[in-house]
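Throughout, residue positions are numbered sequentially from 1 according to the sequence presented. Values reported hereafter were calculated over all heavy atoms of this structure, with side chains retained and with hydrogens, waters and symmetry mates removed.
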Amino acid sequence: MAPAMKIRRSFLACIFSFVQSVPLNNQTVLAEFPPADFFFGLATAPAHAEDKLHDSWLDFAHKGGVAAWKNVGLPEERLRAWTDPEVDIRLAAEAGIQVYRMGVDWGRLSPRCQLEAEEPCGVQDAAALARYAEILRLVRSYNMSVMLSLFHHSFPTWGLPRGATYAGPSGAADGYMWQHPNAIKHFVAFSTDVVQALDPLVDYWVTINEPVVYVGLSYCTGIWPPGPKVTDQLAQLNCMTNPKIGALRAQMNMVAAHKQVYSMIHAHESSIGRARHAPVGIAHLVMFSEASRPVLDSQSKLFLDSYSKYFFVDLVKSHIDFCGLNYYGKEVVEGMAAGFKADQIEYSGSGRGIFPSGLFALIADFHARYKDDPQARFMQPGGIGYVITENGVADATDILRPSYIIEHLLALSALRTRGIPVAGYVHWTLTDNWEWADGYCPKFGLVSVDRSEPALPRTPRNSYYLFQRLCRSRTVTQGERDLAWGQVTDAAARGVNHSMCRDADGVSSLDVPRPFRVIGGSADPDGGIVDWRFRELDRVPGTDLAQASTTMLLRGISFSETTGIDFFAGTVSTLAGLSNTFFGEYTPPSPPTPPLRPAPPLLPPAPESKYTYSYDETASTAAAESDVSASEMQSVTGVEPRKVSPTELRAAAGALSRTVATLQTALANKSLTGRVSYSIQREQSNVSHGKVDSVHVHVDAIGFDAFSDRLQSDARAAESTRGGTHALLNALAAAGACTGIVAAMGVLLWRRRWWQQESHDQAFSML
């Protein structure tokens, strides 16, 4: 029997089965989604679906960077969306959606570019561009609109390092891909050619998908191409927070590229007399974060939220017609990594906590931040507000997915009822596919794929037919909600397992999934019931500390970009270069040579370091001698503007040495676990502008876990002040130390700016 015939028969059988099972006596409508101002959609991406594609992910998989890839059938074929796209396009259309989200692959269209080339590289493969046009026309022939992504987590192979790669104090792939300044003009040239060719076929544009995720996983952790993994927490912190390198530098280039492409698209539409401009936006990942340990991890949660929640949107808000949000669930923060609460949180197969209420809370927070912001283009006349550009769950058993879909739609309905403009819901995804570094293990599809068969036959799951009914009726009923949740609680009561593609650490990907218990409706350790159905949280939207913290972060970066002065970012880079855990994978090109006098250890001696580092103030002092405008200083610091002098820089260097001594004392007096030993030598160096101090810091080992009264009191103070900068940064710095990141005090004080403090000693003695 032909695959298409199998699909049709399965379709009819399941429709009959599902309709028969819905309780007809409870058709109370809980949510409605009128077609005039709301659309349903499905999403995919080239790296997930296209065959005959030699991209960075294929190379990464061959090098062993992708789990559940070499042990599955026909991995390089993906979903054959290039050679046989109609199979999935037809299934999407039959689901009843209005918008089909897909992408074009930059490397496929521009295969012969060079990152270092000064001449911008546009589209180089005209035949491939024509093929994309054919696919878009096919989508539209099925009466679906097109949402087209220009960059979806796959930088062309010519943008990656040549030969061997290493992870250093700046993270992985330092200086390549989006960190390289030429990436901006190459992406704009590529996008211009795509827009000019495909504009008549596109209804919504997404310039960049999940920029914060991409730069974090590619540069700061190295678990995405090109690798290798970055295991040192100091390097991860440096990569996240130093505006001259790492994730922030890449994001700044992405911001510049997005703004130019946004302007180009609308200018092109005006030049050809297009009556209605296609909205242009981004797809930004948001996760509802929760501190694993309320006191110890709350500041780490705030630290991560400050970078991941509003940061990128703030930078592009004037150049987006819609704010696309990708939401999958809850993330437990433990230290600077992900935590795992298997007995309290229902986890999907990809290790994400299922939490529909988080979607409501996050969009409510976003709306509180941007609703009255005149620079937020998406909230002004002509903007369309928010679009859920991705939402889905990895669930091979299809036990969790029906309730997951229904509860998230109820969250959106509650937002719309309160006047928050949510214009669409795009589900991830139609068909099981290659899920980045997790490979083919997580099953996100409404439709399963049998990879053991050469034809890759599709079989719609029951959730496909539920989604079809929701899209066509545009309502959610009480009967549907009860039925979907009953499936979860029944599975939990019977001890049914679903498939988990994360190891017990909650981070590592598995080649073969492990059984994982369904817990919805069962008792939790505190005596309550695990019930992840949607309900509004008892909180005031927009009061989260990440609002103020993100604003402070942006002002600090603006000042650094304008003046070139960022002493503490340099300090973090220094400490990251010293960290002992790098020494198995990172070889500095020329180790500093001045010997350091060993300090008497306060704790048993740590392993001897292979390298030392000399921090010379010359460059920082020279940069500081330039005047800072009064308006810039006032806008960033909120204090009386004045010149930053070389004397103050030297005072800060001295304060750093006193901080190290304070940390030694804290470790000795408070009996904290772990070992730290180092020595500090002060010497006079003759430089062009006179004598200045150089500080030599030698770090042997870092790794401790502190739980102190100071941390608790600072955390309480930060909560009580609701944005009180000084108390907040005290708590953040302490939290950084408690997770084994000595440099956290430096990077966070870098955002506070030491020259704002009345006393430099006070600024550096938080521990």
Would you check if there is a donor-acceptor pair between the side chains of [Y] and [X] at a distance under 3.5 Å?
X: Asn433; Y: Thr431; answer: no
X: Arg461; Y: Ser448; answer: no
X: Ser473; Y: Arg469; answer: yes
X: Thr28; Y: Gln478; answer: no
X: Tyr404; Y: Asn391; answer: yes

N-O pairing of [X] and [Y] below 4.0 Å:
X: Arg458; Y: Asp432; result: no
X: Glu390; Y: Arg101; result: yes
X: Lys330; Y: Glu290; result: yes
X: Lys443; Y: Asp398; result: no

Ring centroid separation [X] to [Y] under 6.0 Å:
X: Phe378; Y: Tyr386; result: yes
X: Phe340; Y: Tyr347; result: yes
X: Trp57; Y: His153; result: no
X: Phe288; Y: Phe355; result: yes
X: His408; Y: Trp532; result: no

Query raised in the report: How far does CE of Met102 sit from NE2 of His48, to the nearest 0.5 angstrom?
Result: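 With rounding to 0.5 Å, CE (Met102) is 13.5 Å from NE2 (His48).
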Report task. Measure the CG-OG distance between Asp297 and Ser289 for me, rounded to the nearest 0.5 Å. Result ->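 Output value for this atom pair is 11.0 Å.
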Query - 4.5 Å side-chain heavy-atom contact, Ile208 and Leu150 - result: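 The answer is no, as the side chains (C-beta and beyond) never meet within the 4.5 Å cut-off.
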Requested in this report: Report yes if some heavy atom in the side chain of Asn209 is under 4.5 Å from a heavy atom in the side chain of Phe151; otherwise report no.
Outcome: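 SC-SC contact between Asn209 and Phe151 ruled out.
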Query raised in the report: Looking at Tyr328, is Arg352 sitting on its ring face, NZ or CZ under 6.0 Å from the six-membered ring centre and within 45 degrees of the normal?
Result: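 Flagged: Arg352 positioned over aromatic ring of Tyr328.
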Report task. Measure from NZ or CZ of Arg369 to the centre of the six-membered ring of Tyr310 and say whether it is under 6.0 Å with the direction within 45° of the ring axis. Result ->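 Yes, Arg369 lies over the aromatic ring of Tyr310.
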Query raised in the report: Where does the angle between the aromatic ring planes of Phe40 and Phe467 fall among parallel (under 30°), tilted (30 to 60°) and perpendicular (over 60°)?
Result: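 Correct class here is perpendicular.
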Query raised in the report: Is there a donor-acceptor pair closer than 3.5 Å between any side-chain N or O of Asn462 and the backbone N or O of Leu466?
Result: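 Not a single qualifying donor-acceptor pair exists.
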**Report entry** For Phe534, ring-ring contact (aromatic ring centres under 6.0 Å, His included) partners two or more places apart
**Finding:**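 Scan of Phe534 (ring-ring contact (aromatic ring centres under 6.0 Å, His included), adjacent residues dropped) gives Phe360.
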Query - Residues that Tyr204 engages under ring-ring contact (aromatic ring centres under 6.0 Å, His included), provided they are two or more places apart - result: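 By the ring-ring contact (aromatic ring centres under 6.0 Å, His included) rule, Tyr204 matches Phe39.
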Report task. Using disulfide bond (SG atoms under 2.5 Å apart) as the criterion, list what pairs up with Cys220, not counting sequence neighbours. Result ->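 Partners of Cys220 by the disulfide bond (SG atoms under 2.5 Å apart) criterion, ordered by chain and then number, come out as Cys239.
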